[in-house]
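To start, the structure itself, in structure tokens.
In what follows, chains carry the letters A, B, and so on, assigned in the order in which the sequence lines appear, proteins first and then strands, with residues in each chain numbered from 1.
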Protein chains: 2
Amino acid sequence: MAAGARRGPYICGIDAGMDVVTGKWKSLILWELTNYGTRRFGELRRGLPGVSEKMLVQHLREMEEDGLVHREIYREVPPRVEYSLTPDGASLNEALSALGTWGQQRVKRLAAEGALVEAPPPGLRTGGAGGAA
Amino acid sequence: MAAGARRGPYICGIDAGMDVVTGKWKSLILWELTNYGTRRFGELRRGLPGVSEKMLVQHLREMEEDGLVHREIYREVPPRVEYSLTPDGASLNEALSALGTWGQQRVKRLAAEGALVEAPPPGLRTGGAGGAA
DNA sequence: TTCGGTACTTACCTTCAGGTAAGGGTGGAG
DNA sequence: CTCCACCCTTACCTGAAGGTAAGTACCGAA
């Protein structure tokens with residue numbers, strides 16, 4: 001997808017929207033930037049546990065190219081780069097919020113069913129509920 | 001993704017929602033079933049130009065497993081199978097409609113910019129505009 | 001008897017998104 | 001003089017998503 005054969009003829013709007021969010025970390029990057037407004041490269045890296053530097057740079061570049069994020073470079077002694085959402089990125093995030101709500105409800109539903117199916121052991125611990133939204 | 005390590009611990013709702021729509025043809029299948037209500041296997045195949053039978057079956061099975069589509073089998077002389085959206089599938093499609101709108105606006109924006117950048121030849125034909133929405 | 005249409009299944013192969021690991025240029029700390 | 005943190009870049013590799021193609025079981029039409 002990375003600046004290759006992307007932006008092919010889209011069948012419908014969802015198709016076009018998906019193209020821009022497709023990528024393991026893109027929705028999470030969007031999430032981070034929405035919550036914090038502005039984040040440095042290192043902050044994003046630490047905020048997305050498991051992401052590799054290469055993928056983070058790659059996704060950020062693609063999203064910048066797609067007009068979703070703004071990249072501000074401060075030529076200081078230790079170089080500083082700040083990422084933030086453009087208006088397009090912010091509106092995309094709003095468009096995704098409905099999907100986020102749907103996903104949360106789905107997680108709830110799965111948890112409820114799972115609790116019935118998996119026969120919950122008495123002393124089970126909640127672990128990481130994950131619902132960071 | 002196919003019934004493997006999916007449904008991992010989600011970071012946020014968007015994450016959980018994306019998991020279910022990830023797949024080259026899933027959003028298009030959703031689109032088809034939303035527009036037509038009920039479609040047979042062959043109709044879907046013909047409605048999604050370029051899809052292979054294997055991928056169509058695979059995606060339909062995953063979406064059925066995810067509770068998005070309903071599969072009705074009619075044991076007739078030439079076997080007939082009809083696919084339709086479940087309530088969950090329909091609500092997912094509604095949740096995606098915002099993304100679809102965003103995508104359409106993006107396509108429009110790109111077309112407008114592209115028209116400026118690419119110096120449109122006088123006799124260009126519209127070809128397939130693609131905006132089937 | 002072969003062809004075509006229904007809805008798949010199976011095996012094999014290609015492609016590419018994503019992961020791993022190392023380097024690079026700068027300056028400050030130890 | 002070495003190490004570290006910053007923000008990347010580059011090269012290489014793996015695994016899974018997706019594509020290709022053939023086979024299955026049934027029946028009607030030609």
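Regarding A/Leu44, its CG atom lies at a distance of 13 Å from the P atom of D/dC6, rounded to whole Å. Separating the CZ atom of B/Arg80 from the P atom of D/dC27 is a distance of 17 Å, rounded to the nearest angstrom. One interatomic measurement links the two molecules: NZ of B/Lys54 to C1' of C/dC13, which rounds to 10 Å at whole-angstrom precision. In this structure, the CG atom of A/Leu56 is 16 Å from the C1' atom of C/dT20, given to the nearest Å. Taking atom CG of A/Leu48 as the reference point, atom C1' of C/dG18 lies 15 Å away to the nearest angstrom. Straight-line distance from the OH atom of A/Tyr74 to the P atom of D/dA5: 24 Å, rounded to whole Å. The interatomic distance linking B/Glu76 (CD) with C/dC8 (P) rounds to 13 Å, in whole Å. Atom CD of A/Glu82 is separated from atom P of D/dC8 by 12 Å (rounded to the nearest Å).
Listed pair B/Arg61 / C/dT9 meets the phosphate criterion, a side-chain N or O lying under 4.0 Å from OP1 or OP2. In this model, the phosphate group of C/dC8 is approached by a side-chain N or O of B/Arg71 to a distance below 4.0 Å at OP1 or OP2. One finds no side-chain N or O of A/Tyr83 lying less than 4.0 angstrom from the OP1 or OP2 phosphate oxygen of D/dC7. OP1 or OP2 of C/dA7 has at least one side-chain nitrogen or oxygen of B/Arg40 nearer than 4.0 Å.
The shortest distance between side-chain heavy atoms of A/Leu60 and A/Leu44 falls below 4.5 Å. Contact check for B/Val51 versus B/Ile29: no side-chain heavy atoms found under the 4.5 Å cut-off. Using a 4.5 Å cut-off on side-chain heavy atoms (C-beta onward), B/Glu53 and B/Arg45 make contact.
Closest to the B/Met55 side chain, of the nucleotides C/dG18, D/dG18, C/dC8, is D/dG18. Checking D/dG18, D/dC8, D/dC7 against the side-chain heavy atoms of A/Glu53 singles out D/dC8 as nearest. Here the nucleotide nearest the side chain of B/His59, chosen from D/dC6, D/dC8, D/dG18, is D/dG18.
Each of B/Pro78 and A/Glu43 lies near DNA chain D, and the nucleotide nearest A/Glu43 is the one positioned closer to the 5' end. Taking for each of A/Pro79 and A/Trp25 the nucleotide of DNA chain C with the nearest heavy atom, the 5'-most of the two is the partner of A/Trp25.
Only one option out of B/Thr34, B/Asp88, B/Asn35 pairs with B/Asn93 in a side chain to side chain donor-acceptor pair (under 3.5 Å); it is B/Thr34.
Judged by a 6.0 Å distance limit and a 45° cone about the ring axis, B/Arg80 is positioned over the six-membered ring of B/Tyr74.
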